[in-house]
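Worksheet: the structure to be examined is printed underneath.
Side chains are part of it too, since the values below use all heavy atoms of this structure and drop only hydrogens, waters and symmetry mates. Just so it is clear, the structure is predicted and the values come from calculations on it, not from any experiment. A, B, ... follow the sequence lines: proteins, then strands. Residue 1 opens every chain.
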Protein chains: 2
Amino acid sequence: MSLPHAILTALLEKPSSGLELTRRFDKSIGYFWSATHQQIYRELGKLEQAGHIRALPAPVPVRGQRKEYEVLPAGRAELGTWVARSEDPKPMRAALLLRMRAAAVVGATGLRAELSRHLALHQEQLDEYLAIESRDFPADRRHSEPDRLRHLVLRGGIEMERFWVEWLTGALAELGTE
Amino acid sequence: MSLPHAILTALLEKPSSGLELTRRFDKSIGYFWSATHQQIYRELGKLEQAGHIRALPAPVPVRGQRKEYEVLPAGRAELGTWVARSEDPKPMRAALLLRMRAAAVVGATGLRAELSRHLALHQEQLDEYLAIESRDFPADRRHSEPDRLRHLVLRGGIEMERFWVEWLTGALAELGTE
DNA sequence: TCTGGTTCTGCAACTAGTTGCAGAAGATTC
DNA sequence: GAATCTTCTGCAACTAGTTGCAGAACCAGA
């Protein structure tokens, strides 16, 4: 049950409408917790019902009208207890590793192309993260506690992509010698 | 739709019953594609219906009776085309990174303990992988193509765990200086 | 002004994964 | 030989996430 908390975090960083949230989930937060606009709208409804957020007063409340949400004290409290909650890491789900394992049984035809494709995608993502890092967290500045935490999160994304880039590079080299 | 293919792969490696599969999913395959026994039984039913696998003839076919499954040619063919299929990498889902991001907003109380706990878990998993590696893939032997692929998959698991161990270690150090 | 694109919200139906429970078969113990 | 424990299979109901579609508001340009 992480999505509501992802939304609370995003709304605390900045009150937003459903679509704005969707966009922000396409980057930033979405880098480690993705969601479709559908999930987000549904969850916003639930959160409002639960009294964790509220829609900022709009001139005319009509369907199809843009609505901005902000977090209420109850929502902030809920997020606080969730942060301290303990939760076991879920095993990763990597279809590509599964494919390779299957390839060991039925043959690796066509796998090379897919590996290169993924390599390019991860390389691209890595570059994007690195660009964000040098923009938002220059090495020559002291940062506040919240910023240090945010930087740690970004480092997580960076190292994760680096892992993929290196593994894929190695895998291609290994397959190349066949 | 990876689960059926994970099962086909497992069954090709060795025909098994539902419960045996469940156990093998608790390790090996499950390291990068986990599944509960429920999912597995349901999927076995579907795969049988689709003509991809069949139950080995049993003396008395009763409910509650153990059933062994083997892959049929149609199932092997299906797996072959799936291996060559192209599929975009899904963004990772890391609740821990989300927690840290939330902590940047509402405060990091209680997060340290959770980080240490995860560190221990990942370290343990890493050690397990390394043990498997030195047992199954000793450096001084040439390996067959399928074995080289399986080794690559295991390397993936190893490097992934190493990523977590390093990131968590760094994060704890960073939080320690607060 | 009406036509047609874009933005924003949302319903409905689906697929995938999880949890709780229960029944049959076989082994074990008293 | 009856109680009970473990193994194995499975149903049912749930939660989470995805896909397809559509309607209202807004904003062009002809």
Side-chain angles (χ1 to χ4, degrees), chain A residues 1-8 10-11 15-26 29-30 32-50 53-56 58-69 82 87-95 98, chain B residues 1-8 10-11 15-26 29-30 32-50 53-56 58-69 82 87-95 98:
Chain A
M1 281 236 324
S2 299
L3 179 58
H5 304 100
I7 293 180
L8 285 173
L11 286 182
S16 309
S17 68
L19 197 68
E20 273 178 278
L21 278 178
T22 305
R23 285 203 233 287
R24 293 171 60 194
F25 267 75
D26 283 343
I29 298 259
F32 46 90
W33 206 273
S34 62
T36 62
H37 74 126
Q38 253 327 302
Q39 283 178 276
I40 290 172
Y41 280 118
R42 234 184 316 168
E43 207 58 49
L44 282 172
K46 286 191 207 164
L47 283 168
E48 185 172 25
Q49 199 135 30
I53 62 174
R54 63 158 191 167
L56 291 177
V60 200
V62 207
R63 180 192 146 92
Q65 190 91 10
R66 163 201 182 73
K67 263 190 291 184
E68 283 240 310
Y69 290 94
W82 178 79
E87 185 180 356
D88 281 343
K90 300 247 172 289
M92 67 165 165
R93 285 269 162 96
L98 199 54
Chain B
M1 279 235 325
S2 299
L3 179 57
H5 303 100
I7 292 180
L8 286 173
L11 286 181
S16 311
S17 67
L19 199 67
E20 272 178 279
L21 278 177
T22 305
R23 287 203 231 285
R24 293 170 61 194
F25 267 76
D26 283 345
I29 298 259
F32 47 90
W33 206 272
S34 62
T36 63
H37 74 124
Q38 254 327 301
Q39 282 178 278
I40 289 172
Y41 281 118
R42 233 183 317 169
E43 206 60 48
L44 282 172
K46 285 191 208 165
L47 282 168
E48 185 172 27
Q49 198 135 29
I53 63 174
R54 65 160 189 165
L56 292 177
V60 200
V62 209
R63 177 192 148 92
Q65 191 90 10
R66 164 202 180 73
K67 264 190 290 186
E68 282 241 310
Y69 290 94
W82 178 78
E87 184 180 357
D88 282 343
K90 298 247 173 291
M92 66 165 166
R93 284 270 162 95
L98 198 54

Write down the distance between [atom1] ([X]) and [atom2] ([N]), rounded to a whole number of angstrom.
X	N	atom1	atom2	value
Leu21(A)	dC8(C)	CG	P	12 Å
Lys46(B)	dC11(D)	NZ	P	12 Å
Met92(B)	dG17(D)	CE	P	16 Å
Phe25(A)	dA16(D)	CZ	C1'	14 Å
Glu48(B)	dT9(D)	CD	C1'	13 Å
Leu44(A)	dG17(D)	CG	C1'	16 Å
Glu43(A)	dT9(C)	CD	P	16 Å
Lys90(B)	dT15(C)	NZ	P	16 Å

Report the nucleotide, chosen from [options], that has the shortest atom-to-atom distance to any side-chain atom of [X].
X	options	value
His37(A)	dC21(D), dT7(C), dG17(C)	dC21(D)
Lys67(A)	dG17(D), dT9(D), dG10(C)	dG10(C)
Trp33(A)	dT9(C), dG17(D), dT19(C)	dG17(D)
Met1(B)	dA16(C), dT19(C), dC8(D)	dA16(C)
Arg93(B)	dC21(D), dG10(D), dG17(D)	dG17(D)

Minimum side-chain heavy-atom gap [X]-[Y] below 4.5 Å:
X	Y	result
Ile40(B)	Leu19(B)	no
Arg24(A)	Ser16(A)	yes
Leu21(A)	Leu11(A)	yes
Thr36(A)	Tyr41(A)	no

Between the side-chain atoms of Gln38(B) and the base atoms of dG17(C), is any donor-acceptor pair under 3.5 Å?
no

For the side chain of Arg42(A) and the base of dT18(D), is some donor closer than 3.5 Å to an acceptor across the two?
yes

Given side chain to side chain contact (heavy atoms under 4.5 Å, CB included), test Arg93(B) with Arg93(A) step by step and report yes or no.
CA-CA 9 Å; Arg93(B) 284 270 162 95; Arg93(A) 285 269 162 96; over 6 Å; no

For Leu19(B) and Ser2(A), find the nucleotide of DNA chain D closest to each by heavy atoms; which residue's nucleotide sits nearer the 5' end?
Leu19(B)

Below 4.0 Å: OP1/OP2 of dT18(D) and any side-chain N or O of Gln39(A):
yes

Would you say Tyr41(A) places a side-chain N or O within less than 4.0 Å of OP1 or OP2 belonging to dG10(C)?
no

